[in-house]
Asks: 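Below: one structure in structure tokens.
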Amino acid sequence: MSKNTVSDRFRKVDVDEYDENKFVDEDDVGENQGGPDEAEVDGLLRQGNLNGALHAVLKNPPLNTKNHNAKERAELLVVRVLSSFKSSDIEKAVGSLDKADVDLLMKYIYRGFEKPSDNSSAVLLQWHEKALAVGGVGSIIRVLTTRKTV
Amino acid sequence: MSLCSFGVEPLSCHAWNKDRTQIALSPNNNIVNIFEKKGKEWVKIHELTEHTERITGIDWAPESNRIVTCASDRNAYVWSLKDEVWKPTLVLVRINRAATCVKWSPLENKFALGSGARLISVCYFEEENDWWLSKHIKKPLRSTILSLDWHPNNILLAAGSADFSCRVFSAYIKDIEDKPGPTAWGTKMPFGELMLEHKDSDGCGWVHSVSFSASGDQLAWVAHSSISVADAAKGKEVTHLTTDYLPLLSVLFVGPTEIVAAGHDCCPFQYTYKGPGALEFVKKLDMPKQSSKTTTSAMQHFRNLDKKATEEDSTKLDTLHQNSITQLCIVSGDKAKVEKYSSVGLDGAMVIWEFKH
């Protein structure tokens, strides 16, 4: 009496998938969306060209791909580059970016916050403060509302 | 600028009568209050209580003196003043979700109603049966309509929606009006025809508010993190400006090139549009008075430090509005040259601003 013997597999059905009014994002697959070039960034880091590495890592963001691996790799690479900066250099580095890059940097920073590791949060917070000074609250709003997450 | 507080409840929406002596507002509930200005005070003269859920939109037609209200109870009523009493007439909007916004057309023979049912209901009065009918615009709306604005030609309607797009439709009803002439937006305009659709590909969020310019050739809209203008005179080209501020919730054309927008930053901003690619921020329109630091006694100073860990005792914002501004409305002048405009916000205050051209 106490155990329901009829199958309850229907409870695991994702009803939203069958909703005909479901909003589907248009997928414009862009080229060059595979994520920043690891080799190039590695080279620049080893040479000590931190600003160059920052610009390189902010190229080709994996915005349109559903490939989670590409996004993970891009994120790890970005956090590596950001961690290798000295605190005093962060402000100048952010100053050298243009508006679109500041928005992109904010997206990576917030994604980095999602999976903290070791010292990453402290470093990301410093970058966040400097990026906020340049991008304003608007850049954070764009992180929250963007349909193309990095 | 003058501020008037209507209580502590947020003001969802407001509308002025023709000579701006009366204002209809709703304090975030199902009642519309009509206040009349007697001297310096606003005195409540009428209460409209037909809706059962929160009122989401009010519009007052200046010439015909009719008020249309819409609420989350999926209804809209048109109110007419008879013998000093406002009498409601139900409008058959046929929506199955809440109504979100409502606007009379420039000639006041029809009004448009946006709803969460992903459709716009254009309603007009049918004489023979003595009731209000509606026609629906459904395609290609994919989500809730957040705001509406009419073109001066009484036919075209702009709609901002939560599916990140701003669109211009034709709302031509052949039963009540003549065929429209061609405009910069297009020549063929059957009912429901889509004249412009702009989806922001960078994910700038919902389109909170739309506004046609006085000539109708430009359309401005605000989204979560940007303000944009589409120019029909220049091939429907869209100019886009990302903002560094909190989201803007309401936008208004106040001159041929001047735009005022306001939102969660509690302060109106002025933008200027001179042509495609030339949309710029001008300035904040709220000049905060430099509050003189009132001399606090030493005891007060240390008490604050002890209790609140701050030295100042002020929790008030610098701006006139203490909370987000939800709606802007023209008070005097017309879209070609607005002299005064009003704003209501979540702080229950209504402020009348003067615009200097």
Side-chain angles (χ1 to χ4, degrees), chain A residues 16-33 58-66 71 91 94-95 97-111 127-150, chain B residues 95-97 115-119 136 138-146 160-166 197-208 221-228 240-249 261 263-267 269 271 279-281 284 317 319 324:
Chain A
D16 287 331
E17 287 295 314
Y18 300 103
D19 180 14
E20 57 204 26
N21 290 333
K22 184 172 177 207
F23 183 84
V24 177
D25 265 319
E26 289 143 22
D27 263 326
D28 13 311
V29 185
E31 347 71 51
N32 297 337
Q33 296 283 341
L58 288 178
K59 280 199 285 215
N60 299 341
L63 290 174
N64 280 330
T65 51
K66 298 234 179 79
K71 296 192 184 213
E91 192 168 345
V94 175
L97 298 172
D98 64 17
K99 252 185 157 251
D101 279 339
V102 172
D103 282 346
L104 185 56
L105 178 65
M106 264 302 193
K107 286 186 192 170
Y108 276 121
I109 291 176
Y110 273 94
R111 201 183 152 109
W127 277 91
H128 183 272
E129 185 194 345
K130 302 291 183 245
L132 183 60
V134 173
V137 193
S139 60
I140 302 185
I141 303 281
R142 277 184 280 283
V143 172
L144 296 173
T145 57
T146 184
R147 299 295 292 181
K148 299 183 187 162
T149 53
V150 87
Chain B
I95 53 181
N96 57 6
R97 292 287 186 281
S115 70
R118 307 139 56 103
L119 52 85
H136 287 168
K138 280 199 192 154
K139 291 196 175 355
L141 296 161
R142 312 277 314 282
S143 190
T144 309
I145 314 297
L146 296 171
S161 145
D163 59 1
F164 324 115
S165 329
C166 173
E197 176 174 14
H198 185 82
K199 177 172 171 168
D200 192 62
S201 54
D202 201 25
C204 270
W206 297 350
V207 177
H208 287 126
W221 68 89
V222 278
H224 260 100
S225 66
S226 67
I227 173 170
S228 318
H240 195 73
L241 177 69
T242 50
T243 62
D244 285 339
Y245 305 107
L246 290 177
L248 296 164
L249 292 175
H264 289 292
D265 269 318
C266 318
C267 160
F269 297 127
Y271 289 86
L279 178 59
E280 282 159 9
F281 172 70
K284 286 193 186 188
L317 290 178
T319 52
S324 317

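By convention in this document, chain letters (A, B, ...) are assigned in the order of the sequence lines, proteins followed by strands, and residues within each chain are numbered from 1.
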Asks: Considering non-hydrogen atoms only, spot the tightest contact between A:Ile141 and B:Pro247 and give its length.
Replies: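 Nearest pair, atom of A:Ile141 first, then B:Pro247: CD1-CD, 3.4 Å.
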Asks: Does A:Lys99 NZ have over 12 foreign heavy atoms under 6.0 Å away?
Replies: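 Yes, enclosed.
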Asks: Please report the shortest heavy-atom distance between A:Gly138 and B:Ser225, naming the atom on each side.
Replies: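 Closest heavy-atom pair between A:Gly138 and B:Ser225: O-CB, 4.2 Å.
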Asks: Hey, mind stepping through B:His224 and A:Thr146 against side chain to side chain contact (heavy atoms under 4.5 Å, CB included) and telling me if it holds?
Replies: CA-CA 10 Å; B:His224 260 100; A:Thr146 184; over 6 Å; no
Asks: Which one of B:Thr242, B:Leu246, B:Asp265 has the most heavy-atom pairs closer than 4.5 Å to chain A?
Replies: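 Top count of heavy-atom pairs under 4.5 Å with chain A: B:Thr242.
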Asks: Between A:Arg142 (side chain) and B:Thr243 (backbone), is there a donor-acceptor pair under 3.5 Å?
Replies: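 A pair under 3.5 Å: yes.
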